[in-house]
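Notes to accompany the following structure.
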Number of protein chains: 2
Amino acid sequence: MATMQDVARRAQVSVSTVSYVLTGARPISQATRDKVLAAMAELDYQPNALARGLASRRSRILGLLLPMDERGIGATETAFVTGATSAAVAAGYHLVLSPIGVGDLDELRRLASQRILDGALLMEVQLHDPRVDVLREAGVPTVLIGRTEDPSGLSYVDIDFDRTVRAAVDHLVGLGHRRIVYVNHSADTIAEGYGPALRTRDSFTAAMTEHGLTPLMIPAEDSAASGRAALASALRQEPDLTAVLAMNESAVFGLLGELSTRGLTVPDDVSVVSMVTSPQVAELATPALTAMTSPGSALGRIAVQTLLRHVESGDGEIHQELLPCVLEVRGSSGPPRTPAASTTDPEAADERSSPGTEAARRRAATRRRA
Amino acid sequence: MATMQDVARRAQVSVSTVSYVLTGARPISQATRDKVLAAMAELDYQPNALARGLASRRSRILGLLLPMDERGIGATETAFVTGATSAAVAAGYHLVLSPIGVGDLDELRRLASQRILDGALLMEVQLHDPRVDVLREAGVPTVLIGRTEDPSGLSYVDIDFDRTVRAAVDHLVGLGHRRIVYVNHSADTIAEGYGPALRTRDSFTAAMTEHGLTPLMIPAEDSAASGRAALASALRQEPDLTAVLAMNESAVFGLLGELSTRGLTVPDDVSVVSMVTSPQVAELATPALTAMTSPGSALGRIAVQTLLRHVESGDGEIHQELLPCVLEVRGSSGPPRTPAASTTDPEAADERSSPGTEAARRRAATRRRA
DNA sequence: TTGAAAGCGCTAACAT
DNA sequence: ATGTTAGCGCTTTCAA
């Protein structure tokens, strides 16, 4: 492995000159630069990142702290990761992911205090997230993906949940829906203080109230079974519901299964809108899900750019930015069958008595639409 | 940030003694060790990873090279990652993920030549994978997750696709199925030389032939739409099929949707078995999918242990290991309706002429089972 | 059982 | 515009 010494010798210059053509920290004459570059190419020289990091106190490595629960990483997070990675590479940094959650504080402390990372991106931020403190104590510049309860003094990028929820509710209300149920994350998650769950809850309540409608929220675990249960519970509390807004991607599938089991068609009997869902996942369902698509890649890029500003300027100014998800209408949302008056419609009444047959007939008619 | 100097001074010993306490590379008297440890604790000393790496030529960082396509990382891969991470941490290493695919050879070369990684785990290995060469040229010890076409001289851990496919086929044949279709990954993927697609194809052919059955394989893109098309194509080529074995997790959902659209119930009309699928994803479907569960976490652990053996012994001996997936029977598989003789059954013949209505009737009957 | 000191490969003053 | 050189914080001979 060639070192800088080798390059310097071969180009007949000093090591510092080689270093400076690499870093660009001071002007080098074109002739010298060419000699050095040629020598590098001939020797297939690659700088030693550890040596450079030790001398410059900059590892040029950014960490993306990404808790991995058993459910995996969704397409939404993936888009974020790829956006962040390409932004980092474009700036000459490496972006490494570390599957560190709120439970692995010791490993985080190790990683943060060993001066391996120039900065960190924190995903899945809780309202009270101990990782933020660990990173601050270790002096590692950080950008949050998400927000703590009081994010003053912290840079973050996050989804604009308020605008996202309102856009979803507006879409459904615009179609004529009045009885809309919101299937949120689990009660535990809410109790833990998971921001998206709390913020969407509040925004949903506000949006519905402003429309003169009654908000009903049902929490659901991150599983299909819980989605089924949530739908059952929703129908119990609101038998006339015509639309479901769901935050919980796993639950959505159970919810759809339960609707089908009950002979209820989507979107004719019940419209479904999925929040913060990638197109890929939305297309998995039958019919494909109308969804609020998250700006994952853009969030990743902005987060890295913000972080680099902090890293390179020795803590620059705070940057806080919210991006809304974008509504993408697919097959799972449509106008309600009987706008707010199901009993006046004889066919609808009939349908209620024998939903299976009726639903099957209707499905046959709409088959080719999906 | 305290340095080793500071610790040495405070403990009244030399820096080398402090270093030896840390590395254990030579015996230290208990008294001295205690002094040093106390000083470290008092100063909240953390070794500088870059300095240590430069001096020892060991970064103690392992890379997990994990291509991230737009579909995200499944629960299977996640289990692998967590298994690998905990094994690495237990050995005092960091495990960082880098979203590097076969397309990012330059970034890989950078990462590999900069001496940041002591070793690498390569996921989603292709039969002819250029990343292997890049890593070998850079002298980075590597363990494959998966196999190249000729893996001699390379350590790897992989799923035992042959045993997995045979177990799945045996399960279906044992239930009485004769017409079984295999929905594989896409034709492009196969052409590219993606190992799992090729190996399962061959094993499926062999297993079916050994049972005296005719193998039929249908390729499908990684999408629900393609899963629908694959089912349509399967029914065209094999109208009497009673079971589908699917490798492609995304396609499975489209396939299930298409079955439902056609009024075919699972598992009464068609049994479905999903390969290399996590319990979490299997539960998303309605009914829950009978699946071959991958040994993700164990694979991760074994891969890291193998890699560390290479790293620490300066290339130890080759280790190659295959682990099969385990069959987990859920609601999507059962005995076929008419064991291998559909034309002798009048009701079945009738069903063929008007599948929609007939199926709907049957569904009403089985509704409560799911 | 411990200490002294020479690097590891690079950056960044300080010179000229 | 370029060269000289003192570290960065640690590991690891070589000595004692």
Side-chain angles (χ1 to χ4, degrees), chain A residues 1-37 39-40 43-61 92 110 113-118 138-139 311-312 314, chain B residues 1-37 39-40 43-61 92 110 113-116 118 138-139 312 314:
Chain A
M1 200 100 286
T3 77
M4 213 165 197
Q5 277 286 0
D6 302 327
V7 175
R9 210 172 353 252
R10 193 171 229 284
Q12 323 239 52
V13 297
S14 71
V15 281
S16 65
T17 299
V18 177
S19 173
Y20 284 120
V21 325
L22 230 40
T23 62
R26 84 178 176 192
I28 301 283
S29 76
Q30 193 55 50
T32 311
R33 173 192 311 284
D34 289 345
K35 272 196 306 185
V36 170
L37 258 20
M40 283 182 178
L43 295 173
D44 193 24
Y45 170 75
Q46 288 284 25
N48 179 312
L50 298 181
R52 166 193 290 227
L54 178 59
S56 66
R57 278 141 252 247
R58 284 277 182 79
S59 68
R60 301 194 146 255
I61 296 177
R110 267 211 313 150
S113 327
Q114 290 187 151
R115 316 274 64 170
I116 291 177
L117 303 180
D118 281 351
V311 167
E312 300 188 335
Chain B
M1 198 101 286
T3 76
M4 214 165 195
Q5 278 285 2
D6 302 326
V7 175
R9 211 174 352 256
R10 193 171 229 284
Q12 322 239 54
V13 296
S14 71
V15 280
S16 63
T17 298
V18 177
S19 173
Y20 285 119
V21 167
L22 229 41
T23 62
R26 83 178 178 194
I28 301 283
S29 76
Q30 192 57 49
T32 311
R33 170 191 314 286
D34 289 345
K35 270 194 308 185
V36 171
L37 257 21
M40 283 181 179
L43 294 173
D44 193 25
Y45 170 75
Q46 287 283 26
N48 178 313
L50 297 181
R52 168 192 288 226
L54 179 59
S56 67
R57 280 137 248 256
R58 284 277 182 79
S59 67
R60 299 196 147 254
I61 296 177
R110 263 208 320 146
S113 324
Q114 290 187 153
R115 316 275 63 170
I116 291 176
D118 280 353
E312 299 187 335

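Residue numbers start from 1 in every chain, and the chains themselves are labelled A, B, ... in the order their sequence lines are given, proteins ahead of strands.
- Relative to the axis of its first five pairs, the axis of the last five pairs of the helix from C:dT1-D:dA16 to C:dT16-D:dA1 sits at 40°, rounded to 10 degrees.
- Protein atom CD of B:Q114 is 11 Å distant from nucleotide atom P of C:dC10, rounded to whole Å.
- Legend: residues meeting salt bridge (Lys or Arg N to Asp or Glu O under 4.0 Å) with A:R52, ordered by chain and number and at least two apart, are absent.
- Residue A:D118 holds its CG atom at 7.5 Å from OG of A:S56, rounded to the nearest 0.5 Å.
- A:M40 has its CE atom 13 Å from the C1' atom of C:dG9, to the nearest Å.
- Residues forming a side-chain hydrogen bond (donor to acceptor under 3.5 Å, both in side chains) with B:T32 (at least two apart in sequence, or on another chain): B:S29.
- When rounded to the nearest whole Å, the span between CD of A:Q5 and P of C:dG7 equals 12 Å.
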Tell me which donor-acceptor pairs under 3.5 Å the side chains of residues 4-12 of chain B have, and how far apart each pair is, sequence neighbours excluded?
unit_1 : atom_1 : unit_2 : atom_2 : d
B:D6   : OD1    : B:R9   : NH2    : 3.1
B:D6   : OD2    : B:T3   : N      : 2.8
B:R10  : NH1    : B:E42  : OE1    : 2.0

Output side-chain donor-acceptor pairs under 3.5 Å for residues 19-28 of chain A, partner residues at least two apart or in another chain, one line each.
unit_1 : atom_1 : unit_2 : atom_2 : d
A:T23  : OG1    : A:S19  : O      : 3.3
A:T23  : OG1    : A:A25  : N      : 3.3

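- Once rounded to the nearest 0.5 Å, the distance linking CD of B:Q46 with CZ of A:R115 reads 10.0 Å.
- The nearest whole Å value for the distance from the CZ atom in B:R9 to the P atom in C:dG3 is 14 Å.
- A:L54 contributes atom CG, which lies 11.5 Å from atom OG of A:S59 (distance to the nearest 0.5 angstrom).
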Generate the contact string for nucleotides 2-9 of chain D. Rules: B means base contact, S means sugar-phosphate contact only, - means no protein heavy atom under 4.0 Å.
BBBB-BBB
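- Closest heavy-atom contact between B:Q114 and B:R110: CG-O, 2.9 Å.
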